[in-house]
Amino acid sequence: MKTINLIENAKKQIDELINTAFSKACVANSLTNTEQQEGSKVPLKGSVEIPRETGHGDYAATHAMAAAKALKMPPRKIAEAILEHLELDGSYFNSVSIAGPGFINFALAENWFVDVLCAVEDAGKDYGAVDVGKGQRVMVEFVSANPTGPMTIGNARGGALGDILASVFEKAGYDVWREFLLNDAGNQVDIFGKSINARYMQLCLGENNVEFPEDGYHGDDIKELAQMLFDTEGNKLQDLSEDERIEKFIAFGVPHNTAMMKEHLERYRIQFDEWFSEKSLHSSGYIEETIDLLDKGGLLYEKDGALWLRNTDLGGDKDEVIRRANGFTTYYAMDIAYHRNKLDRGFDKAVEIWGGDHHGHAKRLMTTLSAPKLMDALGVDCTKLHFLIMQMVRILRDGETIKVSKRTGKALTLNDLLDEISVDACRFFFNARPDSHIEFDIGLAVRQDSENPVYYIQYAHARICSMIAMLAEDGHKVPKLCEVNAMLLKSEAELALIKQIAALPEEVTHAARDYDPSKINRYVVELAARFHKFYNACRIRGEENELLQARLKLADITRIVLQNCLDLLGITAPEKM
């Protein structure tokens with residue numbers, strides 16, 4: 001259900017009011033010379049913004065200033081002519097004024113505020129939904145970790161950003177697909193198998209008798225996998241050839257770790273529509289097919305026994321190896337094939353979240369993929385691909401950086417973190433601006449006061465629920481909007497709260513447009529702040545009945561919007577705290 005965007009409607013109405021008045025001013029010869037008459041044939045174009053200071057009105061329009069050059073008149077004189085013919089009857093505004101060099105400021109009338117409340121009551125849990133996506137299919141690929149170890153703190157941040165961005169897209173009217181690229185093939189998986197093999201053989205023959213690979217994975221999780229195999233198989237696997245053992249250990253370790261990642265991500269309230277296997281691109285012949293298309297497009301050449309992509313012809317800084325002299329394809333070839341596969345599946349847009357340490361590779365890859373020659377060769381439109389680079393996370397406790405778990409003494413993982421703090425806090429704090437480094441203070445995340453934004457928001461929701469329950473005991477149930485006199489809601493705190501409620505559809509639109517789900521964080525913190533201010537400034541219980549009913553309705557509408565935002569963030573909305 002699409003929500004009425006009252007902010008957008010107000011801006012459009014201002015544009016219409018100004019242009020209607022401008023036309024009347026021209027007809028009435030308020031704007032007289034020939035050049036002015038020429039300029040009046042084209043509608044005035046200007047921006048309509050919400051001023052930071054309410055003393056400048058609720059909306060400020062720049063149309064008069066934008067028209068000054070074409071009309072060769074001072075903008076203030078143009079604004080005066082417009083105001084002379086401006087009619088506000090039946091509009092969302094009750095007054096208009098001129099400020100500064102020619103800003104036209106509009107003040108909202110009571111009917112706009114009532115319409116905001118109506119929009120929430122009508123839409124309910126769907127309030128905030130918009131239709132900018134118009135059903136387009138969008139894939140969000142995120143986390144996409146190697147199944148060679150537990151989920152990291154970086155994965156935790158990517159998980160929150162990706163999942164909440166996907167939810168924002170859904171709220172914005174897109175058909176969303178969440179995907180995890182499982183890197184279950186390639187060099188890292190081979191090293192994973194060799195690492196398990198070395199630890200297993202050390203159990204069989206003694207640690208000092210088996211050399212560990214120089215580039216192997218040294219984590220305790222590798223030792224644990226080897227121990228699990230030894231406990232079930234004993235030492236009989238040592239009779240197999242090394243290649244056979246490694247293959248067997250990969251076949252055991254990858255599914256085991258994949259299941260563990262799924263379990264930890266589900267604990268984090270993340271579920272994917274597909275765990276796409278990188279291995280499937282190899283086994284299906286899709287990578288080789290992609291290489292053939294590149295070759296037919298004249299984009300490949302051989303050198304020193306290897307197959308190279310003419311990446312410098314595509315705008316890159318250097319050519320890239322596609323197939324090594326030993327016959328193995330490179331990760332660059334896999335990346336090109338996987339992105340071609342995404343677009344072959346018919347997505348209108350594909351967004352993927354990468355860590356800041358992959359920024360250079362993402363930039364190189366996007367240069368390659370967006371080159372017209374490559375898109376022609378592959379027959380896909382890679383301009384539909386969008387990379388979102390997230391910056392790193394530093395975990396703090398009492399101002400000190402922490403890298404290991406207090407419980408295990410090992411490198412801090414997502415699961416370790418969730419043992420210490422709530423999923424709610426983790427999702428909220430990691431959903432900060434993707435392009436900013438963040439410091440995650442565990443001490444702040446568990447605090448139960450207004451300094452903790454998660455507690456602050458949830459407390460606002462719980463406070464409303466408790467108030468509604470208390471008033472119900474007094475015989476005051478939440479009324480329908482048609483049963484209350486909403487015109488009584490006219491204090492500064494009440495109107496400020498309603499304005500913030502009205503902004504949710506706009507915030508969803510902008511969050512989807514900018515690929516920035518953190519806008520929802522900032523919006524809901526401000527919503528909670530305005531509610532707390534309203535609650536402290538405007539008495540409800542004990543107030544005269546007509547005013548009590550109006551304020552009770554406003555509180556309940558705020559509750560609905562708070563819950564919708566928390567649902568969007570994947571955070572619980574407690575009724576008691």
Check your understanding: Is the closest side-chain heavy-atom distance between Pro150 and Asp221 below 4.5 Å?
Key -> yes
Check your understanding: When the aromatic ring centroids of Phe212 and His218 are compared, is their separation below 6.0 Å?
Key -> yes
Exercise for review: Scan for ring pair (Phe, Tyr, Trp, His ring centres under 6.0 Å) pairs involving residues 142-164, sequence neighbours excluded, and state none if there are none.
Suggested key: Phe142-Phe272
Review point. How far apart are the C-alpha atoms of Leu504 and Tyr523, what are their side-chain angles, what is the distance that settles it, and do they pass the side-chain contact (heavy atoms from CB on, under 4.5 Å) test?
Key: CA-CA 8 Å; Leu504 182 57; Tyr523 169 83; 3.6 Å; yes
Check your understanding: Under 6.0 Å from the CD atom of Glu247, do we count more than 12 heavy atoms belonging to anything else shown?
Key -> no
**Study point:** Between Asn521 and Ser518, a side-chain donor and acceptor under 3.5 Å
**Key:** no
**Study point:** His63 versus Asp15, side-chain donor and acceptor atoms under 3.5 Å
**Key:** yes
Check your understanding: So do Leu181 and Trp275 actually touch side chain to side chain, heavy atoms under 4.5 Å?
Key -> no
Review point. Which distance, rounded to the nearest 0.5 Å, do you find between the CZ of Phe249 and the NE2 of His256?
Key: 14.0 Å
Review point. Less than 4.5 Å apart, any side-chain heavy atom of Asp273 and any of Val176?
Key: no
Practice item. For the residue pair Glu352 and Val140, establish whether any side-chain heavy-atom pair is separated by less than 4.5 Å. Key: no
**Study point:** Asp348 and Tyr174 side chains, donor-acceptor separation under 3.5 Å
**Key:** no
Point to revise | Asp335 and His361 side chains, donor-acceptor separation under 3.5 Å | key: yes
**Study point:** Side-chain donor-acceptor contact under 3.5 Å, Glu506 with Asn5
**Key:** yes
Check your understanding: Checking Asp516 side chain against Ala511 main chain: does a donor-acceptor pair fall under 3.5 Å?
Key -> no
Review point. Is it the case that more than 12 heavy atoms not belonging to Arg433 sit under 6.0 Å from its CZ atom?
Key: no
Check your understanding: From Leu300 CG over to Asp292 CG, what is the distance, rounded to the nearest 0.5 angstrom?
Key -> 9.0 Å
Point to revise | Positive for salt bridge (charged side-chain N to carboxylate O under 4.0 Å, His left out) with Glu274, one of Lys342, Arg345, Arg178 | key: Arg345
Exercise for review: Report yes if the side chains of Val561 and Leu527 come closer than 4.5 Å at any heavy-atom pair, otherwise no.
Suggested key: yes
Check your understanding: How long is the span from the CD1 atom in Ile191 to the CD atom in Gln188, to the nearest 0.5 Å?
Key -> 7.0 Å
Exercise for review: Verify whether one side chain among Tyr268 and Asp163 offers a donor that lies under 3.5 Å from an acceptor in the other.
Suggested key: no
Review point. Arg364 and Asp317: salt bridge (charged side-chain N to carboxylate O under 4.0 Å, His left out), yes or no, with the steps?
Key: CA-CA 8 Å; Arg364 288 192 351 259; Asp317 294 332; over 6 Å; no
Exercise for review: Flag the pair Thr413 / Ile153 as yes when at least one side-chain heavy-atom distance between them is below 4.5 Å, and no otherwise.
Suggested key: no
Revision key, fill the gap. Residues Tyr455 and Arg447: closest non-hydrogen pair is CB-O, 3.9 Å
Point to revise | Non-hydrogen atoms of Leu44 and Ala67 that approach each other most closely | key: CD2-CB, 3.3 Å
**Study point:** Pair listing, ring pair (Phe, Tyr, Trp, His ring centres under 6.0 Å) test, anchored in residues 364-401, at least two apart
**Key:** His339-Phe387, Trp354-Phe387, His386-Tyr515
**Study point:** NZ (Lys384) with more than 12 external heavy atoms under 6.0 Å
**Key:** yes
Point to revise | Side chain proximity check, Leu388 to Leu161, heavy atoms < 4.5 angstrom | key: no
Review point. In terms of side-chain heavy atoms, does Tyr331 have a donor or acceptor partner in Asn183 at a distance below 3.5 Å?
Key: yes
Practice item. Would you sort out whether Leu369 and Leu385 count as a side-chain contact (heavy atoms from CB on, under 4.5 Å), showing the intermediate values? Key: CA-CA 9 Å; Leu369 293 171; Leu385 300 172; 3.7 Å; yes
Check your understanding: Do the numbers put Arg199 on top of the ring of Phe230, so that NZ or CZ is under 6.0 Å from the six-membered ring centre and no more than 45° off the axis?
Key -> no
Check your understanding: Does the side chain of Arg323 pick up a donor-acceptor pair with the side chain of Thr329 at under 3.5 Å?
Key -> no
Check your understanding: What do the steps show when you test Glu289 against Arg340 for side-chain contact (heavy atoms from CB on, under 4.5 Å), and what is the final call?
Key -> CA-CA 11 Å; Glu289 180 183 284; Arg340 173 193 163 220; 2.5 Å; yes
Check your understanding: Counting heavy atoms not belonging to Asp231, are there more than 12 under 6.0 Å from its CG?
Key -> yes
Point to revise | Asn209 atom CG, neighbour heavy-atom count above 12 within 6.0 Å | key: yes
Review point. Any chance the side chains of Thr572 and Gln458 put a donor and an acceptor closer than 3.5 Å?
Key: yes
Check your understanding: Rounded to the nearest 0.5 Å, how far does CD1 of Ile164 lie from CG of Asn431?
Key -> 3.5 Å
Check your understanding: How about Phe180 and Phe276: are their ring centroids closer than 6.0 Å?
Key -> no
Practice item. Consider only side-chain N and O atoms of Thr368 and Tyr332, and report whether a donor and an acceptor are under 3.5 Å apart. Key: yes
Check your understanding: Under 3.5 Å, side chain of Asp319 to main-chain N/O of Asn311, donor-acceptor pair present?
Key -> yes
**Study point:** Lys/Arg N to Asp/Glu carboxylate O, Lys194 vs Asp190, below 4.0 Å
**Key:** no
Point to revise | Straight-line distance of Leu205 CG to Asn208 CG, nearest 0.5 Å | key: 11.5 Å
Exercise for review: To the nearest 0.5 angstrom, please state how far the CE atom of Met151 sits from the CG atom of Asn415.
Suggested key: 10.0 Å
Check your understanding: Does the side chain of Asp243 come under 3.5 Å of the side chain of Ser241 through a donor N or O and an acceptor N or O?
Key -> no
Revision key, fill the gap. Heavy-atom closest pair (Gly399 atom, Leu396 atom, distance to 0.1 Å) is O-CD2, 4.2 Å
Revision key, fill the gap. Per side-chain contact (heavy atoms from CB on, under 4.5 Å), Ser195 is matched among Leu225, Ile246, Asp215, Ile222 by Ile222
Point to revise | Student check: side-chain heavy atoms of Lys349 and Arg137 closer than 4.5 Å | key: no
Point to revise | Ion pair check, Lys519 and Glu507, cut-off under 4.0 Å | key: no
Review point. Checking side-chain contact (heavy atoms from CB on, under 4.5 Å) for the pair Asn452/Phe429: CA distance, chi angles, key distance, verdict?
Key: CA-CA 10 Å; Asn452 178 353; Phe429 280 97; 3.8 Å; yes
